[in-house]
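For clarity, every value in this text was computed on a predicted model and none was experimentally measured. Just so it is clear: chains get the letters A, B, ... in the order the sequence lines come, proteins before strands, and each one is counted from 1.
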There are 2 protein chains.
Amino acid sequence: MSDLFPKKGHDHDRCVHSALAQAEKVCDSENARFTDMRRKVFTLIWQSHKAVTAYELLDALTAEGQRVQPPTVYRALEFLTELGLVHRIESLNAYFGCDRPDCEHLGQYFICTDCGRVAEAVNEDMSNAVRKAARSVGFTIQATTVEIKGLCHDCATH
Amino acid sequence: MSDLFPKKGHDHDRCVHSALAQAEKVCDSENARFTDMRRKVFTLIWQSHKAVTAYELLDALTAEGQRVQPPTVYRALEFLTELGLVHRIESLNAYFGCDRPDCEHLGQYFICTDCGRVAEAVNEDMSNAVRKAARSVGFTIQATTVEIKGLCHDCATH
DNA sequence: CAGAAAATGATATATTATAACATTTCATCA
DNA sequence: TGATGAAATGTTATAATATATCATTTTCTG
Ligand SMILES: [Zn+2]
Ligand SMILES: [Zn+2]
Ligand SMILES: [Zn+2]
Ligand SMILES: [Zn+2]
């Protein structure tokens, strides 16, 4: 069993760093501006492996001394999600940083209801099953939402 | 190709009728009260093959002359979703009547972004792919959300 | 540097959802 | 049958999530 969730006590600073580096690259290649605000929001999202709500981000920015209003946060989130740097978790109204923003994918999200952590899978079995089901009913896919709630391995066994 | 979506111009009254009959049965077998309010909300949801928001239901009830507040609607929705008579579509914040409330299932929802119709599939390929993926990462499933947005066959071809 | 485009600031408001307590309805059984 | 407790609904207030609109600032381009 390969655990999709990060090990407890892993070097999380490296996650943040590498996510930032990837984000820079993506923005660069898309000629998109990775502004201060966008970087801040992106970094805040990566401060945990949980999904973060817009208002949690707002509070965090406020705590940092910024005077920020909701539209500012939502604009940053819109930018980040459109570039694929961040995904929206529909069933949580919350946002989650993407591991692999450099390649197109249909992601699936495992959400632990105990510890709150989220893990993104890019599982071809699931994607293919969805695509095949769509094809079989003549449906043209534009976007998919696959969110799986339950207990991560750590929480199930401890 | 079997179309999951109902034919245009089908006898929709029959859908509503049969849904009501099924709902009665389910409530009966669960010793749950299918009260006036719950029946009204359920019927309103079945007035279309689209997903309906809580406030659309509120407006519809108001139009019918009832003086109804949000908690009333949300309570009815909670009751109906807990019994499996209605499903919540997370990506729309809206509710959709279930075809087969009598059997446990992991449903998948096709949502047409053109005509707004929703169709529920109970596709074992998809369910199994999700279960298998969860098992492979040691994840214990509690609930799944699978929502597929795109064009239904009618809308794609016309 | 001027002018246009993009991003952010600021204010207001829309939409979705729940908390808390009062009242009514309904099943149960003394 | 009618007292009684549980379930359902009514009522009021407010929380949580999200967007519209216009003003200002920043950045890009020529
Ligand atoms: Zn980490
Ligand atoms: Zn967990
Ligand atoms: Zn119908
Ligand atoms: Zn359609």
So, using salt bridge (Lys or Arg N to Asp or Glu O under 4.0 Å) as the criterion, who are the partners of [X] when residues are at least two apart?
{"X": "A:E56", "value": "none"}
{"X": "A:E90", "value": "A:R88"}
{"X": "B:D3", "value": "none"}
{"X": "A:D99", "value": "none"}

Quiz item: Which pairs, with at least one residue in residues 63-86 of chain B and sequence neighbours excluded, count as a side-chain hydrogen bond (donor to acceptor under 3.5 Å, both in side chains)?
Solution: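 Non-adjacent pairs meeting side-chain hydrogen bond (donor to acceptor under 3.5 Å, both in side chains): zero.
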
Quiz item: Which residue pairs satisfy the side-chain hydrogen bond (donor to acceptor under 3.5 Å, both in side chains) criterion with at least one member in residues 25-47 of chain A, sequence neighbours excluded?
Solution: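 Counting only pairs at least two positions apart or across chains, the side-chain hydrogen bond (donor to acceptor under 3.5 Å, both in side chains) contacts touching residues 25-47 of chain A are A:E24-A:R39.
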
Quiz item: Which ring pair (Phe, Tyr, Trp, His ring centres under 6.0 Å) pairs, counting each pair once, include a residue from residues 131-151 of chain B, with sequence neighbours left out?
Solution: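 Sorted result for residues 131-151 of chain B: A:F110-B:F139.
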
Practice problem: Work out how much the helix from C:dC1-D:dG30 to C:dA30-D:dT1 bends between its end axes, five pairs an end, to the nearest 10 degrees. | Solution: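 One end's axis against the other's: 30°.
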
Quiz item: Charged N to carboxylate O under 4.0 angstrom, B:K7 versus B:D154?
Solution: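 No, B:K7 and B:D154 are not salt-bridged.
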
Practice problem: List for me each residue that meets side chain to side chain donor-acceptor pair (under 3.5 Å) alongside B:H49, sequence neighbours excluded, and say none if there are none. | Solution: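 Side chain to side chain donor-acceptor pair (under 3.5 Å) check on B:H49 returns B:H10, B:H12.
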
Quiz prompt | Range on DNA chain D touched by chain B, heavy atoms, distance below 4.0 Å | solution =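 Terminal contacting nucleotides, 5' to 3': D:dA7 to D:dT12.
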
Quiz item: Which whole-number value in Å describes the distance from B:E78 CD to C:dA19 C1'?
Solution: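 About 13 Å, once rounded to whole Å.
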
Between the protein and nucleotides 9-16 of chain C, which nitrogen or oxygen pairs come in under 3.5 angstrom?
from: C:dG9; atom 1: OP2; to: A:T72; atom 2: OG1; distance (Å): 3.3
from: C:dG9; atom 1: N7; to: A:R75; atom 2: NH1; distance (Å): 2.9
from: C:dG9; atom 1: O6; to: A:R75; atom 2: NH2; distance (Å): 2.6
from: C:dA10; atom 1: N6; to: A:R75; atom 2: NH2; distance (Å): 3.3

Exercise. Find out whether B:M126 and A:K132 are in side-chain contact, i.e. whether some heavy atom of one side chain is under 4.5 Å from a heavy atom of the other.
Key: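 The answer is no; the side chains never approach within 4.5 Å.
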
Exercise. Give, ordered by number, those residues of residues 23-33 of chain B having at least one heavy-atom distance below 4.0 Å to an atom of DNA chain D; if nothing qualifies, reply none.
Key: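 The stretch gives B:R33 as the residues lying under 4.0 Å from the strand, ordered by number.
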
Quiz item: So which of B:Y95, B:Y109, B:F96 actually passes ring-ring contact (aromatic ring centres under 6.0 Å, His included) with B:H87?
Solution: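 Output: one option passes, namely B:Y109.
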
Quiz prompt | Sidechain-backbone polar pair: B:S127 side chain, B:E124 backbone, donor-acceptor under 3.5 Å | solution =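 Not confirmed, B:S127 side chain does not pair with B:E124 backbone.
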
